[in-house]
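Accompanying notes for the structure given below.
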Amino acid sequence: MTESTCLHIQDRESGPIRVVELPWISVRIGRAAHCEVRLTEHDLPDEVCRLQRRGQSWRILPAKSES
């Protein structure tokens, strides 16, 4: 059986918690349609960061800024 990994997202302190399953090695997080985890805040960039699986752990990689 494959181990399932989930990300729990809460936009605001009093907001609902969304649970997103992470079946991929790399997951993009942001507002853009190409992101696997979509955020709703309008002031966020298209891609905020990526989560990347390394064995049993995950690391967060900030998105490169478009300057």
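For reference, positions follow the sequence shown, starting with 1. Treat the numbers as computed from the prediction; the structure is a model and nothing was measured. No hydrogens, no waters, no symmetry mates; every other heavy atom, side chains included, goes into these values.
- Residues forming a salt bridge (charged side-chain N to carboxylate O under 4.0 Å, His left out) with Arg31 (at least two apart in sequence, or on another chain): Asp46.
- Ile9 is listed as a side-chain neighbour of Leu39, based on a closest heavy-atom distance under 4.5 Å.
- Closest of all the heavy-atom pairs between Arg50 and Glu47 is NE-OE2, 2.8 Å.
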For residues 21-30, dump all side-chain donor-acceptor pairs below 3.5 Å to protein atoms at least two apart in sequence or in another chain.
from, atom 1, to, atom 2, distance (Å)
Glu21, OE2, Ser4, OG, 3.1
Arg28, NE, His34, O, 3.3
Arg28, NE, Glu36, OE1, 3.2
Arg28, NE, Glu36, OE2, 3.4
Arg28, NH2, His34, O, 2.7
Arg28, NH2, Glu36, OE2, 2.7

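- For the pair Pro62 and Ile60, the tightest heavy-atom approach, listed with the atom from each and the gap, is CD-O, 3.9 Å.
- Val48 and Val20 fall within a single hydrophobic cluster, where Ile, Leu, Val, Met, Phe, Trp and Tyr side chains are chained together by heavy-atom contacts under 4.5 Å.
- A donor-acceptor distance shorter than 3.5 angstrom exists from the side chain of Arg38 to the backbone of Ala32, with no hydrogens or angles considered.
- Remark: the backbone N or O of Leu44 is not paired with any side-chain donor or acceptor of Glu41 at under 3.5 angstrom.
- Rounding to the nearest 0.5 angstrom, the gap separating the CZ atom in Arg59 from the SG atom in Cys49 is 12.5 Å.
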